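Predicted, not measured: the structure shown is a model, and the values here were computed from it.
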Amino acid sequence: MAAAQPATPAPVAGPKPVVVVVATGGTIAGAGASALNSATYQAAKVPVDKLLAGLPELAEVATVRGEQAFQIASESFTNDKLVALGKRVSALVKDPSVDGVVVTHGTDTLEETSFFLNLVVRTDKPIVVVGSMRPGSAMSADGALNLYDAVVLAASPTARGQGVLVAMNDDILSGRDASKRVNIKTSAFSSPWGPLGMIVEGKTYWFRSLAKRHTANSEFDIDRIDALPEVAIVYGSGAMNPSLYEAAAKAGAKAIVHAGTGNGSVANYVVPTLRALRAAGTLVVRSSRVGEGGFVLRNAEQPDDQYDWVVAHDLNPQKAKILTAVALTLPGLTTAELQRIFWTY
């Protein structure tokens, strides 16, 4: 009779990943008067410790601790707050004991912050930005699952080197091109090029990777940035008033992002104003106000080479503003360099 084989010992679980949740406020920390208030509520009321205490399931995923960076609605984010947040996230990912970072954020400017972090934080550790479309007090609130998914993503080795990510409504989106496409609905965020993957029942599933330059491979570094130059967006429409561009430059804008119709179109009566501003030293970037997949082709609608203008590639106006501001921190930035940066990032 064969000797009984010894039982295979059960694998010993290693230490859980350490994830730091940096809270900035927003709807995910909001509360309404009743469970029926999904769109009428006060943002930035619930502190991070209370958010985390409401999700005991996180203890099965990672060792999680929270920090309260700000407690604001995200429309009140300023350049100073962006820089301060970037420096704090950079310090955290440099800590060898930290495996990933989650940033809770209001959805109104979540896409700007996620892109900014994607440009300036030099790391391959996961950084995940998350928000919610409904406050935690609302019926069918989405914040708890979004936050859980964000921690799962930040704790996952599969998220390393993927750039800054956005976890919303089960999707894994790139912070580079995720954008808020609709308000009210929980499916508010999407990318014109599709999600990178999904999070389902605490597991990550990947479909693609970001082709553009980011994070650890970026030429930008938040540790060398203390302030962002002023960049203005002027929204294109019929019957434009050219003095809006002049007012932006007079107020101190170093660059103007023209959120044009269609292919970043510029009305014929606006062209002389933008040419004069460029001649006086203000950078001009043509972008598109098109909500889904705006893609501006160089020298297609306007002779950009002749006018010394820049096109925003596929970035929407608000993301073009962020990239231009970050690029302006480089000394002696030329339009040719700025155009290279738009093709690259």
*Asks:* For Ala154 and Val19, which heavy atoms make the closest approach, and how far apart are they?
*Replies:*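 For Ala154 and Val19, the tightest heavy-atom pair comes out as CB-CG1, 4.0 Å.
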*Asks:* If I take atom OH from residue Tyr245 and atom NE2 from residue His258, how far apart are they, to the nearest 0.5 angstrom?
*Replies:*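 Atom-to-atom, Tyr245:OH and His258:NE2 are 4.5 Å apart.
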*Asks:* Which pair of non-hydrogen atoms, one from Leu165 and one from Ala159, has the smallest distance, and what is that distance?
*Replies:*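 Taking Leu165 first and Ala159 second, the nearest heavy atoms are CD1-CB, 4.0 Å.
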*Asks:* Tell me, yes or no, whether the heavy-atom count around Lys87 atom NZ, taken from other residues, nucleotides or ligands under 6.0 Å, exceeds 12.
*Replies:*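 For Lys87, atom NZ is crowded (more than 12 foreign heavy atoms under 6.0 Å).
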*Asks:* With a cut-off of 6.0 Å (strictly less than), are more than 12 heavy atoms of other residues, nucleotides or ligands near CD of Gln306?
*Replies:*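 Result for CD/Gln306: enclosed.
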*Asks:* With Ile256 as reference, evaluate Leu244, Thr273, Val234 under the side-chain contact (heavy atoms from CB on, under 4.5 Å) test and give the passing residue.
*Replies:*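 With Ile256 as partner, side-chain contact (heavy atoms from CB on, under 4.5 Å) holds for just one option, Val234.
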*Asks:* Among the clusters formed by ILVMFWY side chains lying less than 4.5 Å apart, do Val166 and Val128 turn up in the same one?
*Replies:*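 Each belongs to a different hydrophobic cluster.
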*Asks:* Are any of the side-chain nitrogens in Lys212 or Asp314 under 4.0 Å away from the carboxylate oxygens of its partner?
*Replies:*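 Here Lys212 does not pair with Asp314 in a salt bridge, since their nearest N and O are not under 4.0 Å apart.
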*Asks:* Leu110 and Lys180: side-chain contact (heavy atoms from CB on, under 4.5 Å), yes or no, with the steps?
*Replies:* CA-CA 8 Å; Leu110 185 150; Lys180 188 175 182 178; over 6 Å; no
*Asks:* For Phe189 and Thr107, work out which heavy atoms get closest and say how close.
*Replies:*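 Looks like CZ-O, 3.5 Å.
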*Asks:* Give the ring-plane orientation class for His313 versus Trp343, where under 30° counts as parallel, over 60° as perpendicular and anything between as tilted.
*Replies:*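 Geometry flag for Trp343 against His313: perpendicular rings.
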*Asks:* Could you walk me through whether Phe77 and Phe70 pass the ring pair (Phe, Tyr, Trp, His ring centres under 6.0 Å) check?
*Replies:* CA-CA 9 Å; Phe77 250 83; Phe70 313 116; 5.7 Å; yes
*Asks:* Using 4.0 Å as the upper bound for N to carboxylate O, is an ion pair formed by Glu112 and Lys321?
*Replies:*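 No, this pair does not count.
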*Asks:* Compare every heavy atom of Ser114 with every heavy atom of Val164, then report the nearest pair and how far apart it is.
*Replies:*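 Distance-wise, the nearest heavy atoms are CG1-O, 3.6 Å.
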*Asks:* Name all pairs fulfilling the salt bridge (Lys or Arg N to Asp or Glu O under 4.0 Å) condition that reach into residues 136-147, sequence neighbours left out, sorted by first residue then second.
*Replies:*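 For residues 136-147: none.
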*Asks:* Strictly below 4.0 Å, N to O, side chains only: are Lys16 and Asp99 in salt-bridge contact?
*Replies:*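 Result for this pair is no, no salt bridge flagged.
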*Asks:* What residues form a side-chain hydrogen bond (donor to acceptor under 3.5 Å, both in side chains) with Arg298, not counting sequence neighbours?
*Replies:*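 If we apply the side-chain hydrogen bond (donor to acceptor under 3.5 Å, both in side chains) test to Arg298, skipping adjacent residues, the hits are Asp305, Gln339.
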*Asks:* Looking at every non-hydrogen atom in both residues, tell me the closest pair between Pro242 and Met240 and how far apart they are.
*Replies:*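 Pro242 and Met240 have their closest heavy atoms at CD-O, 3.5 Å.
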